[in-house]
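The basis for the numbers below is simple: all heavy atoms, side chains too, and nothing from hydrogens, waters or symmetry mates.
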Amino acid sequence: MDDMLKEFVVEALDLATNVEEHLLSLERNPGDMNTLNAVFRSFHTIKGGAGFMNLTAMVSACHLTENLFDALRTGQAPVTPLSIEAALEASGFVADQLTALSNGTAPEQLSTMPKSLEQILTDAIEGKASSAKKPAASAKAAEPVKEKAAAPVSADGLDWEAYYRAVVPEGTLPALAAAAEEQEAIKTQLASPDVKQSSAPAKEESIRIDAVKLDVLLEVAGESVQAANQAAVLLEKLSQFKFDGQAAPLMSALTETLTRASRYSTELQRATLATRMQPVGRLFQKFPRLIRELAKDLGKEVDLNISGAETEVDRVVVDSLYDPLVHMLRNALDHGIETSEERASTNKPLKATISLKAWQEASSVMIEVTDDGKGMDANRLREKAISKGLINSNDARTDDEAFQLVFLPGFSTKDVASSVSGRGVGMDVVKTAVERHRGAIRIASQLGTGTTFLIRLPIELSIVPTMLVRTAEASLALPMATVQRVVELPDTFESVGGQPVLRDLGRPLPIKSLGQILGYEKSSERVGIVIAAPNPYILAVDSVDGTADLVIKPLTCITTPGITGTARSAEGELVLVIGLSFLLDGCKIHDHERMTA
């Protein structure tokens with residue numbers, strides 16, 4: 001794909017995604033003129049660029065939809081379900097064509113516009129143009145491709161009219177009916193250096209940078225911070241010696257220089273991280289169409305409510321969350337949401353609601369998927385898992401543990417597989433994807449009321465605020481997101497069910513040895529860290545060495561239960577980073593994890 005086509009595809013995909021969100025908003029508020037105009041402008045802009053790229057099918061679809069919204073926004077026709085459905089099909093067709101181009105399909109290999117799409121758009125235009133202006137609107141709709149085909153193409157193969165309309169601001173061009181009289185003048189103007197200069201933007205507000213280059217920049221920035229931290233430690237050790245004569249001012253200058261270098265390297269790292277941050281709304285905007293189409297296939301009525309779309313997170317997280325969220329939304333629709341008949345029998349609103357919400361909490365981003373469906377039956381989940389041989393009868397005793405069974409590979413409550421679910425794949429992919437980015441996922445559900453999936457992810461993937469601890473002479477780091485406080489451990493403990501416990505703020509919390517869990521030799525663990533998990537507990541370690549923002553390097557060659565990555569301390573010591581999900585799950589290591597480690 002050449003650079004010009006690639007640029008068009010990226011920008012047009014953004015417009016197409018926004019169109020779907022606008023259309024669903026318009027369905028709820030048919031009289032919103034701002035939304036009507038926004039949809040019209042989006043299709044108009046895509047059509048102009050597609051014409052310049054000679055993407056005829058896309059031009060035809062956009063032109064027909066543009067005619068439809070011209071009638072809607074000028075009051076020639078009201079907004080009806082048919083017009084919304086037609087526009088959604090058109091935006092879906094455009095998005096599919098753009099996705100195909102993005103995936104490497106050559107423009108000449110793209111499919112033509114389906115007759116069914118042309119028919120529904122034409123019907124929407126003609127069926128709604130009920131005013132005196134109906135003949136004019138119908139005439140516009142009847143010959144969308146003819147108008148485009150009538151535009152002469154120059155000897156160099158370019159459609160100059162489409163290009164001209166794509167770059168000139170909206171509202172400054174004459175009507176299409178007069179366009180044929182101006183084509184020669186347009187060509188002459190475009191060939192003029194003066195026109196080219198006047199139509200170009202005075203200032204570039206943004207540029208596109210290859211993501212790989214940003215990754216390299218972030219890697220270099222992280223290493224510079226690490227080097228600056230180590231230099232500061234060395235300087236601190238050096239300052240313990242006495243310097244006289246000419247060495248004293250040199251030492252003072254070195255201290256000032258290293259301090260400044262450390263500050264600038266940190267600012268460089270933060271600025272680089274900021275370039276990777278993207279709002280999750282870029283991802284959320286893809287789901288209204290998915291929900292609408294899937295609900296239609298399942299014969300269910302569902303509203304998707306989105307909030308917190310402005311919440312920012314590392315772009316790698318945004319890109320990797322699509323498949324997990326698709327699985328979760330499909331799961332909510334197929335398993336969670338009841339049929340209209342079932343909802344009516346329980347006095348629920350016939351139209352169900354799925355909420356997709358994001359917000360920032362400390363150094364984490366929280367993403368929540370909630371449905372008001374039938375909820376999860378913990379006992380049924382246990383029975384299914386036992387019958388499939390995934391657990392034994394002594395496992396998953398609490399409801400919270402039973403809910404986590406849905407993440408086991410091969411688990412499904414469906415007796416018959418369908419096109420949506422029931423093959424025992426999907427939710428395990430969700431947990432794997434979340435934990436790959438040092439996140440965690442929890443489930444809360446109430447039978448008859450609904451289910452909530454809550455994902456916690458670090459806002460920044462490469463830098464993690466941690467507490468440095470030591471056990472059996474090994475240096476370890478715990479994500480600060482799980483640390484509540486540090487307590488001193490006594491020589492003896494109370495025992496509940498054979499498990500040592502310590503009362504913290506009046507509640508008995510079980511004590512777990514970090515060294516023993518990870519397989520280290522027994523040591524003297526006199527410090528406890530209260531872990532903020534769904535079931536809180538105290539993690540015993542030898543000592544606490546302070547806190548630090550560590551540059552994390554993921555483990556790529558080996559998999560070690562409980563360890564999510566490595567880092568270097570300011571002293572240059574290798575630090576093992578404990579996984580967030582591992583801590584939230586109570587530091588449980590299953591037998592199959594030990595075997596694969």
Side-chain angles (χ1 to χ4, degrees), residues 13-14 16-21 23-24 88 91-92 95-96 98-100 102-103 278-309 311 313-337 352-358 365-373 376 403 406-414 417-437 439-443 445 450-457:
L13 270 173
D14 286 342
T17 302
N18 289 332
V19 160
E20 292 176 0
E21 183 182 14
L23 288 174
L24 294 173
L88 279 169
S91 69
D96 290 343
L98 292 169
T99 301
S102 180
N103 292 335
Q278 293 184 347
V280 294
R282 185 176 72 85
L283 174 66
F284 286 2
Q285 288 173 353
K286 300 177 182 180
F287 296 127
R289 178 187 172 196
L290 170 74
I291 291 293
R292 183 186 180 91
E293 293 179 353
L294 186 55
K296 187 176 180 181
D297 291 342
L298 294 172
K300 298 179 179 180
E301 295 185 58
V302 182
D303 267 339
L304 176 64
N305 296 332
I306 293 177
S307 60
T311 305
V313 70
D314 192 293
R315 68 160 188 86
V316 176
V317 175
V318 173
D319 294 339
S320 64
L321 274 178
Y322 177 75
D323 284 341
L325 286 176
V326 165
H327 284 303
M328 293 168 69
L329 291 170
R330 288 166 67 94
N331 185 74
L333 268 170
D334 193 28
H335 291 272
I337 300 301
T353 300
I354 295 178
S355 299
L356 182 58
K357 181 181 179 182
V365 62
M366 315 296 287
I367 298 177
E368 182 181 271
V369 178
T370 301
D371 67 71
D372 64 347
M376 298 169 64
F403 296 150
V406 302
F407 296 122
L408 292 177
F411 182 86
S412 175
T413 57
K414 285 271 187 173
S418 68
S419 60
V420 179
S421 63
R423 292 177 174 81
V425 294
M427 296 308 290
D428 61 310
V429 175
V430 173
K431 187 173 184 181
T432 301
V434 170
E435 291 183 351
R436 184 184 304 124
H437 296 301
I441 181 169
R442 311 300 302 177
I443 302 175
S445 185
T451 300
T452 295
F453 288 83
L454 181 62
I455 297 175
R456 178 195 291 267
L457 289 160

- H335 vs V406, side chain to side chain contact (heavy atoms under 4.5 Å, CB included): CA-CA, chis, key distance, verdict: CA-CA 12 Å; H335 291 272; V406 302; over 6 Å; no
How close do [X] and [Y] get, counting heavy atoms only, and between which atoms?
{"X": "F453", "Y": "N331", "value": "CZ-ND2, 4.0 Å"}
{"X": "A309", "Y": "I306", "value": "CB-CG2, 4.4 Å"}
{"X": "I291", "Y": "L304", "value": "CG1-CD2, 3.8 Å"}
{"X": "A332", "Y": "D371", "value": "CB-OD2, 3.8 Å"}
{"X": "K431", "Y": "F407", "value": "CD-CB, 3.8 Å"}
{"X": "V302", "Y": "A295", "value": "CG2-CB, 4.2 Å"}

Output all residues satisfying side chain to side chain contact (heavy atoms under 4.5 Å, CB included) with [X], sequence neighbours left out; order by chain, then residue number.
{"X": "T432", "answer": "R436"}
{"X": "A358", "answer": "V280, F284, T311, I367"}
{"X": "E368", "answer": "K357, W359, T370, T452, L454"}

- Task: Among D314, V365, I441, find the residue that satisfies the side-chain contact (heavy atoms from CB on, under 4.5 Å) test when tested with L457.
- Result: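 Filter result, single survivor: V365.
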- Message: Can you list everything that forms a salt bridge (charged side-chain N to carboxylate O under 4.0 Å, His left out) with E293? Sequence neighbours excluded, please.
- Response: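 For E293, the residues satisfying salt bridge (charged side-chain N to carboxylate O under 4.0 Å, His left out) (neighbours in sequence not counted) are R289.
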Could you pull out all residues at least two apart from [X] that satisfy side-chain hydrogen bond (donor to acceptor under 3.5 Å, both in side chains)?
{"X": "E435", "answer": "S581"}
{"X": "S355", "answer": "none"}
{"X": "S445", "answer": "T451"}

What's the separation between atom [atom1] in [X] and atom [atom2] in [Y], rounded to the nearest 0.5 Å?
{"X": "I455", "Y": "L325", "atom1": "CD1", "atom2": "CG", "value": "5.5 Å"}
{"X": "L294", "Y": "L333", "atom1": "CG", "atom2": "CG", "value": "5.0 Å"}
{"X": "I354", "Y": "M328", "atom1": "CD1", "atom2": "CE", "value": "11.0 Å"}

- Under 3.5 Å, is there a donor-acceptor pair between the side chain of T99 and the main chain of A95?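 Yes.
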- Message: Using the rule given for side chain to side chain contact (heavy atoms under 4.5 Å, CB included), can you reason through D372 versus I337, listing the C-alpha separation, both sets of side-chain angles and the distance that settles it, and then say yes or no?
- Response: CA-CA 7 Å; D372 64 347; I337 300 301; 3.9 Å; yes
- Item | Residues forming a ring-ring contact (aromatic ring centres under 6.0 Å, His included) with F287, sequence neighbours excluded |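 Only Y322 meet the ring-ring contact (aromatic ring centres under 6.0 Å, His included) criterion with F287.
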- Task: Could you name each residue pair satisfying salt bridge (charged side-chain N to carboxylate O under 4.0 Å, His left out) that touches residues 297-309, not counting sequence neighbours?
- Result: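 Qualifying pairs: D303-K351.
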- Would you say the side chain of L23 lies within less than 4.5 Å of the side chain of P288, judging by non-hydrogen atoms?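 No; the side chains remain at least 4.5 Å from each other.
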